Undergrad: 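One structure, pasted below without further comment.
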Number of protein chains: 2
Amino acid sequence: MELFALKGFNSTSVADLLSRTQLNSGSLYHVFPSKQDVLIGVLEAYRDGIEAMLLTPAWGGVADPIEKIFALLAYYRMGVVMTDCTYGCPIGSLALELHEPDPPVRDLLAANFKAWTAAVERCLDEAGDRLPANLDRDALAQFVLTTMEGGVMQARTHRDVVYFDRAVGQLRAYFEFLQSDARTKRRAKKGAS
Amino acid sequence: MELFALKGFNSTSVADLLSRTQLNSGSLYHVFPSKQDVLIGVLEAYRDGIEAMLLTPAWGGVADPIEKIFALLAYYRMGVVMTDCTYGCPIGSLALELHEPDPPVRDLLAANFKAWTAAVERCLDEAGDRLPANLDRDALAQFVLTTMEGGVMQARTHRDVVYFDRAVGQLRAYFEFLQSDARTKRRAKKGAS
DNA sequence: GTCTATAAAAGGATAGAC
DNA sequence: GTCTATCCTTTTATAGAC
């Protein structure tokens, strides 16, 4: 996970993997028939570890569902800052690096995105009537991921976290509009009833 | 440009470049001292060609400044659809593939993003008072890029353009709120004067 | 299951004639 | 400026002993 996140898949050699894991060629290949199988193992680990490795640390002490969404983004921000804007989202990086991934790899990338947006969607559901009733929660959850990935990409490229912050700031503004809209509609409904 | 967009930088071999260009090793290396210099040439070509290769075709027949922004996104959508969701934004792909690019490469990636967002920002300026006066146009222009890159990433990963469409749909909703907000403020101002 | 040694291929880049 | 031939390194993966 560490090496693929740091250098990507193609730029990580099997020799790198052996050196980092202190394994010998025979041992690694005994478990993983090919380098791609290591990638599959890594993507499965991310998918299965989203709760323990991402959501739990990101949401420590945060109860409000909408703030949980921004806490998730803040957690990625921390990753960006701590690595001097060289690291972003390992899944996103792999998704763009591998142009024509084999189906098992592509499916796992998609599964990782799905797990991520599903977590956000649960927050949106929890937010209840603070958001408009007619809101497409699926689309908004995806849009949060869109913002994170696009923001991370620009922060990395410019080596400046402000590009991430500005993306999140715009998303925050959008959420404010949505909440304000929900309030207006609630009042109108009350008045009409 | 074609090969790097299709396969990425690392997965494009010099042999690929020679075969596609019908050049011999000696000729290519006579002009480009290394493979990275080819990349630099490609990134310069994108940067210098943004008007002719991107804006002009994307904006054919579109006059409204806000619609020009969405026409730009529609142009990328076309690229996604025409390649069965395998192709996205070549700059974004390279930006995430190259984890620690040499300064000249990184600067050119950043310059490409800058040229792109600058074009969007000009549209925002043209939109005048249809958008709130206190709007951070720089941040919003970047957010359009964020949406495009994040949307393209998910469409490619899921091999389904609907993920791109949903991202753009959310951006559109945000723009509607911004325009509505600008109208409200204009009325309030008129009323006060 | 793990070890060392090595195969087999592909990669970027260069040499030197023309 | 362009040609062919080739060097040298890195890379993924395997062989076969232990």
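Only a predicted model underlies this, so the values are computations on that prediction, with no experimental measurement involved. A note on names: the letters A, B, ... follow the listed sequences, proteins ahead of strands, and every chain is numbered from 1.
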Undergrad: Are any of the side-chain nitrogens in B:Lys185 or B:Asp181 under 4.0 Å away from the carboxylate oxygens of its partner?
TA: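 Looking at B:Asp181 together with B:Lys185, the answer is yes, because their closest N to O distance falls below 4.0 Å.
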Undergrad: Please report, rounded to the nearest Å, how far the C1' atom of C:dG1 is from the CZ atom of A:Phe32.
TA: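 In whole Å, C:dG1 C1' lies 14 Å from A:Phe32 CZ.
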Undergrad: Mind calculating the distance between CD (A:Gln22) and P (C:dT4) to the nearest angstrom?
TA: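 It works out to 12 Å between those atoms.
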Undergrad: Is the shortest side-chain N to carboxylate O distance from B:Glu100 to A:Lys7 below 4.0 Å?
TA: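 So B:Glu100 does not pair with A:Lys7 through a salt bridge.
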Undergrad: Do B:Leu140 and B:Tyr174 touch side chain to side chain, with heavy atoms closer than 4.5 Å?
TA: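 B:Leu140 vs B:Tyr174: side chains touch.
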Undergrad: Looking at A:Arg20, I'd like to know if its CZ atom is crowded, meaning that more than 12 non-hydrogen atoms belonging to other residues, nucleotides or ligands lie closer than 6.0 Å.
TA: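 Not buried by this count: 12 neighbours or fewer within 6.0 Å.
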Undergrad: How is A:Ser11 classified with respect to the nucleic acid when contacts are heavy atoms under 4.0 Å: base, sugar-phosphate, or nothing?
TA: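 Nothing, no nucleic acid heavy atom in range.
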Undergrad: Roughly how many Å is it from CG in B:Leu3 to P in C:dG11, rounded to a whole number?
TA: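 Roughly 13 Å, once rounded to whole Å.
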Undergrad: Between A:Leu18 (CG) and D:dT12 (P), how many Å, whole number?
TA: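 About 9 Å, once rounded to whole Å.
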Undergrad: Closest approach to the side chain of A:His30, judged atom by atom: which nucleotide of C:dT14, C:dT2, D:dA13 is it?
TA: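 Out of C:dT14, C:dT2, D:dA13, the nucleotide with an atom closest to A:His30's side chain is C:dT2.
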Undergrad: Could you state the atom-to-atom distance from CG of B:Leu17 to C1' of C:dG11 in whole Å?
TA: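 That distance rounds to 12 Å.
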Undergrad: Can you tell which of C:dA13, C:dT2, D:dT2 lies closest to the side chain of B:Asn24?
TA: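 The answer is D:dT2, which lies nearest to the side chain.
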Undergrad: Which of these nucleotides, C:dT4, C:dT14, C:dA13, is closest to any side-chain atom of B:Ser34?
TA: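 Of all the options, the side chain of B:Ser34 is nearest to C:dA13.
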Undergrad: Using only side-chain N and O atoms of B:Ser25, determine if any of them is under 4.0 Å from OP1 or OP2 of D:dT2.
TA: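 No, because none of the side-chain N or O atoms of B:Ser25 sits under 4.0 Å from OP1 or OP2 of D:dT2.
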Undergrad: Let me know the distance between OH of B:Tyr29 and P of D:dT6, rounded to the nearest Å.
TA: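 Taking OH of B:Tyr29 and P of D:dT6, I get 18 Å after rounding.
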Undergrad: Taking CZ from B:Phe9 and C1' from C:dG12, how many angstroms apart are they, rounded to a whole number?
TA: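 Computing the B:Phe9:CZ to C:dG12:C1' distance gives 10 Å.
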Undergrad: Does A:Gly26 or A:Asn10 map to a spot on DNA chain D nearer the 5' end, using the closest nucleotide for each?
TA: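 So the residue in question is A:Asn10.
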Undergrad: To the nearest Å, how far apart are B:Leu23 CG and D:dC3 P?
TA: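 After rounding, the gap between these two atoms is 8 Å.
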Undergrad: Taking the side chain of A:Ser13 as heavy atoms from C-beta outward, which of D:dT11, C:dG12, D:dA13 is closest to it?
TA: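 Nearest to the side chain of A:Ser13 among the choices is D:dT11.
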Undergrad: Are A:Arg130 and A:Asp64 close enough for a salt bridge, meaning some N to O gap below 4.0 Å?
TA: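 So A:Arg130 pairs with A:Asp64 through a salt bridge.
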